[in-house]
Every structure is written in structure tokens, then in C-alpha cells.
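Since the structure comes first, as C-alpha cells, the remarks are kept for the end.
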Amino acid sequence: MRKNIVAGNWKMNTTVQEGVELAKAVNARVKGTATQVVLCTPATHLTEVSKVINQPALALGAQNCADQVSGAYTGEVSVSMIKSTGASHVILGHSERRAYYGETNAILAAKTKLALAEGLTPIFCIGEVLEEREAGKHFEVVKQQLNEGLFDLSAADFGKVVLAYEPVWAIGTGKTATPEQAQEIHKVIRDHIAAKYGQPAANDCSILYGGSCKPSNAKELFANPDVDGGLIGGAALNADDFMGIVNAF
Ligand code: PEP
């Protein structure tokens, strides 16, 4: 079901000890919030962080998973390993994974199916690079990412996925999409979902915005009817900033 969600993507930052302190600080402050808050930590931190979070609003997620179930895949982390830490979510298709690790829509479709089969909620990222936006191709790009990455799912499985629209030109750059740009493309995404799975399914889908979201701009981004929260990178590494965004609803 559609929910307001703020997910923090810690990326490759913090030691386990620092991550535990950050998680404790967020845990102490999410009490009573109606927003679903997710901490997506490095895989090495999941087990320890799961021990220090206990608020109903707060969930734990990984940032990636293997595209295989188990076996001889040195260095990979499987969905069942992630689940066994107490995590409930996994980010898939982040633009850094797509750009630096060659993750294609086909690989991401396989990872999404494995995550869903394990009972994990995928936070599936889509978004265009600057050249694509400048060429007016951004709607086409996100539709293709949806078609190839997710639209092979049954309606029931699609209903378990959270989407994150992240314009690549806004990630870690300090440039944010304007509220109008965010609403425009979130509506295009929702309409595309409606065309595939029907309007009720589209209405039920949580679509997060990501890209230089901060306490100072979160309120106006989240005020849009088709923006259901945020996927937060840099600002998720500071409990005050992160909670400023959570409390923007
Ligand atoms: C992200 O990496 O998902 C992200 C949105 O990063 P930042 O908030 O730092 O732009």
C-alpha cells in the first residue's frame, strides 16, 4: 500500500561502530512518526544495526543483493543473507550500481524477483542522466527502466515494490529537481504504471524522490501529490539532517 517513506542510503560510508551510533540517534528520534523510515546501511553493518533499532516506524535495508541464490559467487551477498540480518528492504538499481558495476535492467529484474521471493521490499531506482534530460528523453528513459526492470512482475508482486525516481544529475551534486520537475515525472511514472497494472495499482505505489534532498527542500518536494517521500544519500549520514527530512511531512 502507498505510504510516505524516507529511506537513507548510507552508501559506502561509516564504520560499523559509527553506523551503530547513527542508527541509535535516528531510532531515538523516530518515535511516533507516521512515516516509514528505512536505514539502508552497508551489508557489513546490517546485523549490528538491527540490534539497536526497535521503533515500529524504523526498518532496515541493504543497498544491493546478488543476482544468484547462493554458491560460488565470491564477494556477493545473497537475499537470504540480507533477510537473516533482520533487514526488510533492499535498494536495487541505484544509478551508481548501474553506472559503475554495469547493472542492466535485465540483471535488476532478476535481483528484484529474488528479493521479492525472499520477502524483501525492493526500493527500485530509476532516473535519467543529464544528457538524456537535455535531449528531452527523460520520460522515455524511466519508462524503459520500468518496462525492462519491473514490468515482467505479476500485479501482486509489483504491488510490493517501492520506486525511487532519482535524476542522476541531482545525486550528490547539490542540484535538486524543482518540485515542478519532480511532480511532472512522478506523474508520468504513475500513469505508466496505471497503463500496465491499472489505476488502483498505480495509486497504491509509493514513488520516492532522490537527489540532493535536504531539510530545506524536502517539504516542497514532498508536498507534491505524486511524491511519496525520499531516498536520501548525503543528508542521511547526519541524524539532524535526516530527521529534518523525515519531519518534512
Ligand atoms: C542517492 O544516492 O540515492 C542520493 C539521493 O544521494 P544524495 O541525496 O546525496 O543526492
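Counting starts at 1 for both ligands and their atoms, following the listed order.
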Donor-acceptor pairs under 3.5 Å, side chain of residues 227-245 to any protein atom, not counting sequence neighbours: which ones?
unit_1 : atom_1 : unit_2 : atom_2 : d
Asp228 : OD1    : Arg2   : NE     : 2.9
Asp228 : OD1    : Arg2   : NH2    : 3.3
Asp228 : OD2    : Arg2   : NE     : 3.4
Asp228 : OD2    : Arg190 : NH2    : 2.9
Asp228 : OD2    : Ile207 : N      : 2.8
Asn238 : OD1    : Asp240 : N      : 2.9
Asn238 : OD1    : Asp241 : N      : 2.9
Asp240 : OD1    : Arg29  : NH1    : 2.6
Asp240 : OD1    : Arg29  : NH2    : 3.3

Distance under 4.0 Å, heavy atoms only, partner ligand 1: which residues pass? Asn9, Lys11, His94, Glu166, Ala170, Ile171, Gly172, Gly210, Gly211, Ser212, Leu231, Ile232, Gly233, Gly234

Contacts of type ring-ring contact (aromatic ring centres under 6.0 Å, His included), residue His94, not counting sequence neighbours: none

For His192, give me all partners under ring-ring contact (aromatic ring centres under 6.0 Å, His included), at least two apart in sequence or on another chain. Phe151

Any side-chain to backbone donor/acceptor pair from Ser78 onto Ala66? Under 3.5 Å, distance only. no

Once you measure the plane-to-plane angle for Tyr197 and Phe158, does it fall in the parallel (<30°), tilted (30-60°) or perpendicular (>60°) bin? parallel

Flag for Gln183-Tyr209: side-chain donor and acceptor within less than 3.5 Å: no

